[in-house]
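Bear in mind the structure is a predicted one, so any value in this text is a computation, not a measurement. Keep in mind that the numbers below use all heavy atoms, side chains included, and drop hydrogens, waters and symmetry copies.
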Amino acid sequence: MSFVIDLDAERREVQYPNGIPVLLRGEQFLFPAELPAASLDPLLSDDLDLIGLLGDIFAATENPTAATVIELAFKRPKLPRQFVDAIYDIHRSLLGDEEYQRFADLAPSFPDYVRLTIGLAKVYGVDLGKLFGLGGSSANSGETSSPTSAASTTGSTPEESGASQESPASSD
């Protein structure tokens, strides 16, 4: 019998049987190999209200600009702090209270949290834009653009463009 969805298929635990190792200031932390579903709950909390913000953005205009997003975000002055707290809560839920406290005691910088969050999202295969329904392309009535010169577009962007930058100490 074949299955449309096989939840028993090979999972990240095979690739990371002991967890996902993360190094910070010489200390190793193991994040779970699979992302527990409840770990994203802080992003979906009523207090944070990201879904409400997204609804307001799309209600404000059919094609929201950065200015629209910023204007609506400023109407929620607690949002930045609540969002950062939600990220901390996600990491706490993944590590457990004691390990998270050990992690927090190392005073990770804001860029450390950003790199960690982006890195874990990639390993876990989580795309928050797609999670909130923002990842797909929308249909449009305009023509497809084409380059003015084939020579000007080929080879101009390295394959690894946009990849997170690794520090020299983090390579194997």
Side-chain angles (χ1 to χ4, degrees), residues 3-9 11-13 15-16 19-20 22 24 29-97 99-101 103-104 107-147 153 157 159-165:
F3 298 94
V4 174
I5 299 172
D6 182 1
L7 295 178
D8 293 332
R11 296 165 33 163
R12 236 171 254 91
E13 283 108 348
Q15 189 176 2
Y16 302 103
I20 300 166
V22 171
L24 177 67
F29 299 89
L30 287 174
F31 284 78
E34 283 291 322
L35 182 67
S39 64
L40 295 179
D41 285 352
L43 287 178
L44 303 173
S45 76
D46 291 339
D47 291 335
L48 185 57
D49 193 29
L50 283 181
I51 302 300
L53 174 61
L54 291 173
D56 290 349
I57 290 168
F58 289 112
T61 179
E62 193 172 302
N63 188 15
T65 64
T68 303
V69 173
I70 291 169
E71 178 184 335
L72 291 168
F74 275 116
K75 289 182 179 180
R76 293 171 165 83
K78 294 180 182 179
L79 180 67
R81 178 76 251 166
Q82 290 172 324
F83 183 78
V84 170
D85 287 343
I87 297 299
Y88 294 161
D89 289 344
I90 290 169
H91 291 139
R92 183 179 292 107
S93 76
L94 293 172
L95 286 173
D97 289 336
E99 272 299 278
Y100 180 77
Q101 188 57 55
F103 179 82
S109 66
F110 183 73
D112 289 335
Y113 274 104
V114 170
R115 285 193 310 272
L116 174 61
T117 302
I118 290 170
L120 287 174
K122 285 180 182 179
V123 171
Y124 288 136
V126 174
D127 182 330
L128 294 179
K130 288 180 183 176
L131 180 69
F132 289 113
L134 303 174
S137 61
S138 59
N140 69 43
S141 58
E143 292 182 31
T144 303
S145 64
S146 59
T153 59
T157 305
E159 280 188 41
E160 294 299 315
S161 177
S164 64
Q165 294 183 2

Once you round to the nearest 0.5 Å, how far does [atom1] of [X] lie from [atom2] of [Y]?
X      : Y      : atom1 : atom2 : answer
Leu50  : Phe83  : CG    : CZ    : 6.5 Å
Asp49  : Lys78  : CG    : NZ    : 12.5 Å
Asp47  : Leu79  : CG    : CG    : 11.5 Å
Ile57  : Thr68  : CD1   : OG1   : 8.5 Å
Ile87  : Leu43  : CD1   : CG    : 5.0 Å
Lys122 : Ile118 : NZ    : CD1   : 7.0 Å

field: With Ile90, the side chain to side chain contact (heavy atoms under 4.5 Å, CB included) member among Leu35, Leu95, Leu40
entry: Leu40
message: Whether the side chain of Asp112 engages the backbone of Ser109 through a donor-acceptor N/O pair (distance < 3.5 Å, no angle test) should be reported.
response: yes
task: Verify the ring-centre separation between Tyr88 and Tyr113: is it less than 6.0 angstrom?
output: yes
- prompt: Can you say whether the rings of Phe103 and Phe29 are parallel (under 30°), tilted (30 to 60°) or perpendicular (over 60°)?
  reply: perpendicular
query: Do you know which two heavy atoms are closest between Leu48 and Ala86, and how far apart they sit?
result: CD2-CB, 4.0 Å
message: Which heavy atom of Pro77 sits nearest to which heavy atom of Pro80, and what is that distance?
response: O-CD, 3.6 Å
Taking C-beta and beyond as the side chain, do [X] and [Y] meet within less than 4.5 Å on heavy atoms?
X      : Y      : value
His91  : Val22  : no
Leu116 : Pro108 : no
Tyr124 : Ile20  : yes
Phe31  : Val123 : no

